[in-house]
Structure formats: structure tokens, C-alpha cells
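Contents: one structure, followed by commentary.
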Amino acid sequence: MAAESLKKEPMVRIAKRSDISRRKAWFIRAVAILLALIVCGIFVYALTATNPIKVYAGMINGAIGTQRRTWNTLRDTMILLSVSLAITPAFKMRFWNIGAEGQILVGGIATAAVMRYMGDSVPTAVLFIVMIISSIIAGLVWGIIPAYFKAKYNTNETLFTLMMNYIATQLTAYFSIVWEAVKGSGTIGTINQKTKAGWISTSFMSNIFGSFNYSINVIIVLILTVAIYIYLSKTKQGYEIAVVGESENTARYAGINVKKVILRTMAISGALCGFTGFLLVSGSSHTISVNTAGGRGFTAIVVSWLAKFNPFVMALISFMLVFLDNGAVQIASEFGLNESAAEVITGVILFFLIGCEFFINYRVIFRGKHEEA
């Protein structure tokens with residue numbers, strides 16, 4: 001009978017883990033990173049016959065090898081973290097906000113408009129207040145439109161927010177032509193290059209960190225990280241977001257106004273994306289183009305999910321992704337690899353990191369073995 005039951009039992013079964021210790025989960029992730037580095041090392045050696053350790057040293061050099069590179073990596077990390085924080089409330093509510101790119105762009109357009117039309121006519125403090133408010137309102141409106149249709153007509157928010165990205169991109173292209181610096185170029189160029197009106201200072205704490213830094217951006221986003229953590233885990237609204245995300249029916253049974261939560265949460269998400277547009281235009285690029293968001297709205301989804309909506313873990317994952325990206329550019333030029341090969345290395349590491357989440361959440365059980373209680 002036992003042999004007969006074994007024949008009927010499948011060779012491999014997958015069972016969801018009821019509980020896993022944090023230490024074991026991080027051990028699985030560490031093993032995944034180690035395996036990824038080994039696979040990447042084999043790949044690099046097969047292409048270039050170069051010692052993989054030298055290649056990894058080149059990645060470190062490309063990301064943090066100089067003060068300038070370090071601050072560039074921190075700047076890009078803070079922007080990616082800011083977008084990740086922005087979409088997290090919506091994703092925790094299971095509202096699939098794929099429209100962060102568009103919300104960033106409209107926030108950037110609003111910022112650029114204020115810089116162009118008010119840069120030389122109002123005091124600096126007033127200018128920044130108007131820029132921040134304008135970017136937040138623009139992103140909020142862009143986020144609340146799909147939320148309204150979701151709450152009112154139960155539309156598909158994934159398609160809705162994705163389509164609004166295209167509208168925002170075309171709006172950006174339109175203003176790039178209206179505001180173009182050189183006739184026929186289709187580009188705005190650097191806004192207020194001579195006066196630097198509306199530019200966030202890149203040397204706010206130069207006596208501590210040196211002249212080349214983005215300390216204001218870093219400070220702002222770190223404060224935002226703490227604020228989002230407190231909002232999601234310590235407030236009533238954060239609790240309502242979690243309940244709606246688990247089950248809308250349960251939320252209604254508990255007396256939560258689901259439509260109100262959807263509208264409010266997407267307003268916050270869109271507003272924070274718009275604010276990120278302000279940080280990009282005022283504190284980084286000092287211009288606006290269709291490439292300003294740079295795909296961060298989609299990368300942020302990976303960051304948010306890998307971190308399981310924990311803002312502090314998002315900071316680490318954002319740094320890791322930016323580190324890999326900046327380092328890949330360096331090794332592409334230093335070791336004669338083309339850009340695609342460098343992206344393959346980044347992709348392999350991401351594949352292992354994302355794939356290991358399966359083994360954290362599920363157990364693979366072979367024939368003859370039984371699930372643990």
C-alpha cells in the first residue's frame with residue numbers, strides 16, 4: 001500500500017510556507033547573490049578571459065570609485081527610492097499604479113513651467129514654494145483621475161494608468177517644442193542656466209561632504225522614507241490601506257469607505273510622484289524631456305515588491321540597483337564589453353534576487369517527503 005501511494009504521489013510538489021524566520025530568508029537571499037556572482041563570473045570569463053574579480057572591482061569603481069561617482073550614485077538612489085516610496089501606498093492597497101512615469105513627467109512639466117515663467121521675477125523662497133506646490137498638484141491630479149474611474153466605475157487601473165503615461169509623454173514632447181531653446185531642436189536645454197533660478201543647491205553641506213553633492217535631495221528623501229514608514233505602519237489611514245489591500249469586502253464589513261481610501265491613497269501616490277518630478281528637474285537635470293523619468297516608474301515596482309513595502313529595505317534595494325547600473329556602465333567601457341553585455345550581468349543578478357523570493361515563500365517537496373506542520 002505504501003509503495004502504491006508513492007506511485008500516485010507526484011515527483012515534486014510545491015507548498016506555501018506558513019512561516020519562515022527572517023534569518024533563513026536573508027540566508028536564501030545571500031546564497032542567491034553568491035550564485036548570481038558565480039554565474040556572472042563565468043559569463044564574463046567566457047567573453048573576455050578576464051578575471052571576474054577584476055570586473056567586479058571595476059563595477060565598484062564605476063559606482064563609488066570617486067567622490068563624483070559616489071554622489072551620482074547617491075543622487076540616482078534617492079530618486080529611485082522617492083519613486084518607490086510614492087507607489088508603495090497604492091501597491092499595498094493592491095491598486096496597480098503603473099502610471100508613475102506619467103505622474104513624474106507632469107510634476108516635472110509644472111516645475112519647469114514655474115522656473116521658466118517666474119524664475120527671474122519672484123524671490124527664491126516664493127519660487128520654490130510655488131514649484132513644489134505646482135508639482136505636487138500636477139502629480140496628484142494625474143494620479144486621482146484613474147483612481148476616480150476605478151472607484152466609480154471599477155475600471156482596470158493597470159491599463160488606465162499605463163495609457164496616461166503616453167498622454168504625459170506627449171504633453172512633455174509638446175512643451176519641449178513650445179519651450180525649445182534652439183528653433184527646430186525639440187529640446188528645452190538647461191533652464192535658467194545663467195541665473196540658476198529654481199535650482200536646488202548641489203553644495204548645501206559642502207563644508208562636510210565637499211562641493212559636489214546632492215545633500216538636500218538625500219536629506220529630503222530620507223525624511224520622506226521615515227514619514228512613509230510611519231504613515232503605513234503607525235496610522236489609521238495606513239491600516240485602512242492594508243485592509244483594503246487584503247480584501248475590499250472585509251474593509252466594507254469593517255466600516256471602511258473603500259472608494260474614499262482609493263481616492264486618498266492615489267492622491268498621495270500621485271502627489272509624491274509629482275514631487276519626484278520636482279526633484280529631478282530642480283535638483284538634478286535642470287530641464288525636462290520625455291526621458292526625464294528614465295524608466296524609474298517601472299523599476300520602482302521591482303524595488304517596492306522586493307522590499308515587501310518596507311521603506312527602509314527599499315533604500316537598500318534602490319542603492320543596489322543603481323550600484324549595479326552605474327557599475328555596469330564602467331565595466332562596459334573598461335573591459336571592452338558592449339552595453340548589452342553589461343546589462344546581462346545586471347539582469348542575471350536581478351533574476352537570482354527575484355527568483356529566490358520563490359524559495360522564501362514556497363517549499364519544494366520531493367516524493368516520499370512530507371510537509372512540516
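As the structure is a computational prediction, the values presented were derived from the model and not from experiment.
Taking a 6.0 Å sphere around CZ of F27, one finds it holds 12 or fewer heavy atoms contributed by other residues, nucleotides or ligands. Counting heavy atoms of neighbouring residues, nucleotides and ligands inside a 6.0 Å radius, atom CZ of F160 exceeds 12 of them. Counting heavy-atom neighbours within 6.0 Å of E246 CD, excluding the residue itself, gives a total of 12 or less.
Considering only heavy atoms from C-beta on, M59 stays 4.5 Å or farther from Q330 through its side chain. You'll find the side chain of Y148 stays beyond 4.5 Å of the side chain of I262, heavy atoms only. Side-chain contact between I200 and F128 is present, with heavy atoms from C-beta onward closer than 4.5 Å. Using a 4.5 Å cut-off on side-chain heavy atoms (C-beta onward), F352 and L37 make no contact. A 4.5 Å side-chain heavy-atom check between C40 and I349 finds at least one atom pair inside the cut-off. Using a 4.5 Å cut-off on side-chain heavy atoms (C-beta onward), M164 and T161 make no contact.
Looking at residues two or more places apart in sequence or on another chain, you find no salt bridge (Lys or Arg N to Asp or Glu O under 4.0 Å) involving R75. Partners of Y56 under the ring-ring contact (aromatic ring centres under 6.0 Å, His included) rule, at least two apart in sequence or in another chain, do not exist in this structure. Under the salt bridge (Lys or Arg N to Asp or Glu O under 4.0 Å) criterion, R94 pairs with no residue, sequence neighbours left out.
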Worked check of side-chain hydrogen bond (donor to acceptor under 3.5 Å, both in side chains) between Y117 and W179
CA-CA 11 Å; Y117 296 121; W179 296 335; 2.7 Å; yes

Please assess R264 against E240 for the test salt bridge (charged side-chain N to carboxylate O under 4.0 Å, His left out), listing each intermediate value before the final yes or no.
CA-CA 11 Å; R264 182 183 65 212; E240 290 176 341; 2.7 Å; yes

Given the rule in the side-chain hydrogen bond (donor to acceptor under 3.5 Å, both in side chains) test, do S176 and S289 qualify, once you have shown the distances and angles that lead to the verdict?
CA-CA 7 Å; S176 294; S289 72; over 6 Å; no

Given the rule in the side chain to side chain contact (heavy atoms under 4.5 Å, CB included) test, do N97 and E157 qualify, once you have shown the distances and angles that lead to the verdict?
CA-CA 7 Å; N97 180 18; E157 71 274 15; over 6 Å; no

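Ring geometry for Y153 against F149 counts as tilted: the plane angle lies between 30° and 60°, on a 0 to 90° scale.
Using modelled atom types, one finds no donor on one side chain facing an acceptor on the other under 3.5 Å when comparing Q103 with N165. Side-chain polar atoms of N326 and T73 form a donor-acceptor pair below 3.5 angstrom. Between the side chains of S318 and T77, no donor-acceptor pair of N or O atoms lies under 3.5 Å.
Between the side chain of W199 and the backbone N or O of I191 there is at least one donor-acceptor pair closer than 3.5 Å. Distance alone, capped at 3.5 Å, places no donor-acceptor pair between the T276 side chain and the I104 backbone. Of the possible donor and acceptor atoms, one in the side chain of T287 sits under 3.5 Å from a partner among the backbone N and O of G189.
The six-membered or imidazole ring of F312 lies near that of Y229, with a centre-to-centre distance under 6.0 Å.
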